[in-house]
Protein chains: 2
Amino acid sequence: MNTFSFCDGLMNDRADKKAARATADQVAREANVSRVAVSRAFNPNASLKPEKRDRILQVARELNYTPDMAARSLVTGRSHLVGMIVPDVCSPWESQEIDALTTALQAEGFATLLFKAKADFSMDPRLLTYMRGFNPDSVIAFTENILPDVLCGFLDRAVPIYVIYDDVAQFAGAASGTLYDRLLVRQKNGIEQAVALLQGYGVRRIAYLGGKAQSLANAERERTLKETLAERGMDAPIVLAGDYTYDTAFRATLDLFRIGEGADAIFAANDVGAFGAIDALRHELGLSVPEDVKVVGFDDIPQAHWKSYNLTTVRIDLEERVRALVRLILMRLRAPDATPFTETLNTRLIVRGTVG
Amino acid sequence: MNTFSFCDGLMNDRADKKAARATADQVAREANVSRVAVSRAFNPNASLKPEKRDRILQVARELNYTPDMAARSLVTGRSHLVGMIVPDVCSPWESQEIDALTTALQAEGFATLLFKAKADFSMDPRLLTYMRGFNPDSVIAFTENILPDVLCGFLDRAVPIYVIYDDVAQFAGAASGTLYDRLLVRQKNGIEQAVALLQGYGVRRIAYLGGKAQSLANAERERTLKETLAERGMDAPIVLAGDYTYDTAFRATLDLFRIGEGADAIFAANDVGAFGAIDALRHELGLSVPEDVKVVGFDDIPQAHWKSYNLTTVRIDLEERVRALVRLILMRLRAPDATPFTETLNTRLIVRGTVG
DNA sequence: TTTGTTGATGAACACGTTTTCATTTTGTGA
DNA sequence: TCACAAAATGAAAACGTGTTCATCAACAAA
């Protein structure tokens with residue numbers, strides 16, 4: 001129960017095939033054609049007389065026939081599977097991303113193969129080994145401390161790998177060495193707008209409530225915030241440790257005001273953290289938001305517009321991002337050796353009720 | 001973009017195999033054994049001299065070899081894939097369930113194959129056709145209006161299918177006709193406790209804020225609530241239409257108090273709906289919870305303990321439920337013809353701050 | 001030593017497709 | 001009608017594995 005029973009422990013008891021699925025041979029026999037014709041009927045670019053194709057598809061429908069993906073994968077080398085490695089499916093932001101990616105990929109004929117990494121963003125090496133067995137055409141990792149190069153070592157076919165740093169996705173192909181396709185998020189815009197707004201309200205002391213320590217997204221946001229404050233001649237932020245969770249953000253905020261010196265505004269590394277901060281301020285410290293303390297989040301998850309929070313937050317457009325990522329994957333699969341692409345997305349501030 | 005390009009629109013361009021994965025033949029050659037021996041080395045119950053097995057596994061590690069699941073699936077008839085059909089991955093309850101199921105199944109050597117159904121709980125028939133191609137060993141559907149029998153028609157192998165009604169999971173095997181494995185949730189306990197608590201506070205007029213109309217879970221909860229109220233000699237509830245979303249719950253609550261006659265307590269079909277109701281009461285209607293109106297939810301999602309809501313809710317133990325479901329799947333795969341099993345789970349009230 | 005039993009071994013087959021290639025059919029213009 | 005290109009067709013090979021079956025070695029019991 002505690003460990004994987006993968007790879008070296010699989011039970012390979014043969015399945016009962018009493019109610020076996022229809023095969024291409026059966027369809028061929030029934031329709032008086034060769035098996036090859038059936039195959040061609042299901043491949044739109046193959047040449048086959050239209051009426052013949054129609055008849056075959058008709059018979060296939062009657063027999064409830066579908067090409068077997070395993071067999072197809074074996075000869076084609078394409079599994080039509082996209083592996084996703086996720087530490088926490090419950091996280092609102094990640095679940096949104098999984099949802100949107102699955103929808104988009106499904107429309108392109110790919111199915112999502114979901115794997116759960118460990119909660120600390122790390123990954124059991126055996127998980128990679130296991131995943132490799134399924135031959136995914138591409139891999140998207142939400143796990144920030146497995147670097148593309150490491151992943152590449154395990155997936156030794158030329159599999160496009162995208163590692164999502166929340167902000168950055170990188171591609172690594174065994175062939176392309178250290179050159180990656182990149183999906184970048186320009187944090188600057190949103191943070192710039194947020195800081196300008198705060199400054200307009202006369203905010204002076206800003207606290208940054210961080211995400212997971214290993215998170216590169218978190219590092220990038222912190223760096224950009226510091227840079228922006230400096231450019232505007234404002235004081236450097238007080239940095240609090242966090243881990244993207246509500247509870248940790250809640251406690252960190254309590255500490256900031258009870259033990260520490262407090263702040264005029266809190267910049268949280270993600271929306272869920274912002275919720276924790278808001279609740280600590282309002283329900284435990286007796287402070288009001290935004291009158292006493294202003295709060296800004298990151299992500300703009302659906303919960304951000306709930307009236308209890310009504311959060312002002314820096315938004316990354318999810319649909320745009322997913323479209324871009326899917327486009328990268330498809331292009332890379334089509335042209336494995338093309339020179340690396342780079343797509344850049346913008347962020348912008350969504351102004352709601354927690355500032356001003 | 002709008003429709004599936006499944007099945008009849010697949011691009012089957014051959015993948016470049018320049019960096020091909022190691023095959024069992026290569027391992028065999030390198031280790032001076034037959035290919036069969038390699039196969040046996042990876043199947044623990046096969047008989048093979050221990051030292052030979054060790055040597056093979058060693059070579060396999062060096063060559064970074066993993067058995068190809070597609071090939072294995074082809075001959076074995078087992079894909080080690082569990083298909084999940086989900087309308088909304090973002091829903092907190094469903095994402096929790098996906099997360100826990102994936103973790104548990106992964107530990108048993110199964111990977112999760114995720115498909116997205118339409119938002120109205122319905123499913124494109126082509127989605128089933130598509131999924132069938134991957135030969136999942138079992139299917140878990142979160143989509144309430146695809147009945148097991150319909151699913152069975154598409155998956156004509158003896159595939160265990162579990163349809164999750166949030167409260168009820170049923171199994172349908174082509175062989176077993178209309179007899180299902182059943183995973184039941186006893187709603188009665190939790191609702192009983194909630195009603196008793198409300199009655200103790202002198203509540204008289206209760207509103208039931210429903211979930212999706214097609215949802216059987218919703219129907220069951222409404223029915224049980226009515227039954228319980230009747231048993232205790234209380235008035236029948238006012239029933240409001242909903243769809244499990246925050247926004248709809250928010251508006252329904254406004255209507256109830258502005259157009260309708262209001263209520264002393266609101267029973268929401270799920271936690272997210274309860275949040276919508278609470279926010280409408282507090283932030284739009286100027287009423288306080290729990291003093292003016294008491295609110296009870298369903299599910300006990302992680303957000304329920306957030307201070308802004310601190311929701312009193314009827315809990316279904318997720319871990320227990322997932323364990324039971326995985327156990328059912330494994331047993332059914334091991335013994336396809338065994339007589340149907342039934343597991344029953346309980347619910348209980350988690351008392352927090354929205355009542356009392 | 002002989003017999004019987006158990007465990008290890010590899011050749012051949014099976015799984016359900018796609019693809020290659022040589023062949024046949026169809027269509028088009030002179 | 002003929003010649004030629006283009007499209008349609010099916011036989012056979014390939015993909016990478018698990019399993020069956022007959023064989024062989026080893027070892028214990030008679």
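Sequence lines set the chain letters: A, B, ... in the order given, protein chains first and strands last, and positions in each chain run from 1.
Without hydrogens or angle criteria, A:R72 side chain to B:G133 main chain gives no donor-acceptor distance under 3.5 Å. Under the 3.5 Å distance criterion, the side-chain polar atoms of A:D99 are matched with a main-chain donor or acceptor of B:V89. Put simply, the side chain of B:R53 gets close to the backbone of B:R40: a donor and an acceptor are under 3.5 Å apart.
Applying the side chain to side chain contact (heavy atoms under 4.5 Å, CB included) criterion to A:T23, with sequence neighbours excluded, gives A:D25, A:Q26. A search for side chain to side chain contact (heavy atoms under 4.5 Å, CB included) contacts involving B:A111 returns A:L113, A:F115, A:Y130, A:F134, B:L81, not counting sequence neighbours. With sequence neighbours excluded, the residues forming a side chain to side chain contact (heavy atoms under 4.5 Å, CB included) with B:E51 are B:K49, listed by chain and number. A:Q58 pairs by the side chain to side chain contact (heavy atoms under 4.5 Å, CB included) definition with A:R61, A:E62, not counting sequence neighbours.
Dashed line: the shortest gap from a side-chain N or O of A:T23 to OP1 or OP2 of C:dT17 is under 4.0 Å. Contact annotation: A:N135 does not reach the phosphate of D:dG16 (side-chain N/O to OP1 or OP2, under 4.0 Å).
Rounded to whole Å, atom C1' of C:dA12 lies 14 Å from atom CG of B:D25. The separation between A:N43 atom CG and C:dT17 atom P is 12 Å, rounded to whole Å. The CZ atom of A:F134 sits 15 Å away from the C1' atom of D:dG16 (whole-angstrom rounding). Between the CZ atom of B:R78 and the C1' atom of D:dG18 there is a distance of 14 Å, given to the nearest Å. Atom-to-atom, CG of A:N45 to P of C:dT20 comes out at 12 Å; the value is rounded to the nearest Å. Straight-line distance from the CZ atom of B:F42 to the P atom of D:dG18: 9 Å, rounded to whole Å. Atom-to-atom, CG of B:D68 to P of C:dT17 comes out at 16 Å; the value is rounded to the nearest Å.
The side chain of A:R72 sits closest to C:dT17 out of D:dT17, C:dT17, C:dG16. The A:T76 side chain lies nearest to C:dT18 when the options are D:dG18, C:dT18, C:dG16. You'll find that the side chain of A:Y65 is closest to C:dT17, out of C:dG16, C:dT18, C:dT17.
Axis angle, first five pairs versus last five pairs of the helix from C:dT1-D:dA30 to C:dA30-D:dT1: 30°, rounded to 10°.
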Can you pull every protein N or O that's under 3.5 Å from an N or O on nucleotides 5-12 of chain D?
{"from": "D:dA8", "atom 1": "OP2", "to": "A:S47", "atom 2": "OG", "distance (Å)": "3.4"}
{"from": "D:dT9", "atom 1": "OP1", "to": "A:K52", "atom 2": "NZ", "distance (Å)": "3.1"}
{"from": "D:dT9", "atom 1": "OP2", "to": "A:K49", "atom 2": "N", "distance (Å)": "3.2"}
{"from": "D:dT9", "atom 1": "O5'", "to": "A:K52", "atom 2": "NZ", "distance (Å)": "3.4"}
{"from": "D:dG10", "atom 1": "OP2", "to": "A:S34", "atom 2": "OG", "distance (Å)": "3.4"}
{"from": "D:dG10", "atom 1": "OP2", "to": "A:K52", "atom 2": "NZ", "distance (Å)": "3.4"}
{"from": "D:dG10", "atom 1": "N7", "to": "A:R40", "atom 2": "NH2", "distance (Å)": "2.7"}
{"from": "D:dG10", "atom 1": "O6", "to": "A:R40", "atom 2": "NH2", "distance (Å)": "3.1"}

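The neighbour count for B:E343 CD, taken as heavy atoms of other residues, nucleotides or ligands under 6.0 Å away, is above 12.
Nucleic acid contact class of B:S39 (heavy atoms, under 4.0 Å, all strands): base.
A distance of 5.5 Å separates CZ of B:F142 from CG of B:L101, quoted to the nearest 0.5 Å.
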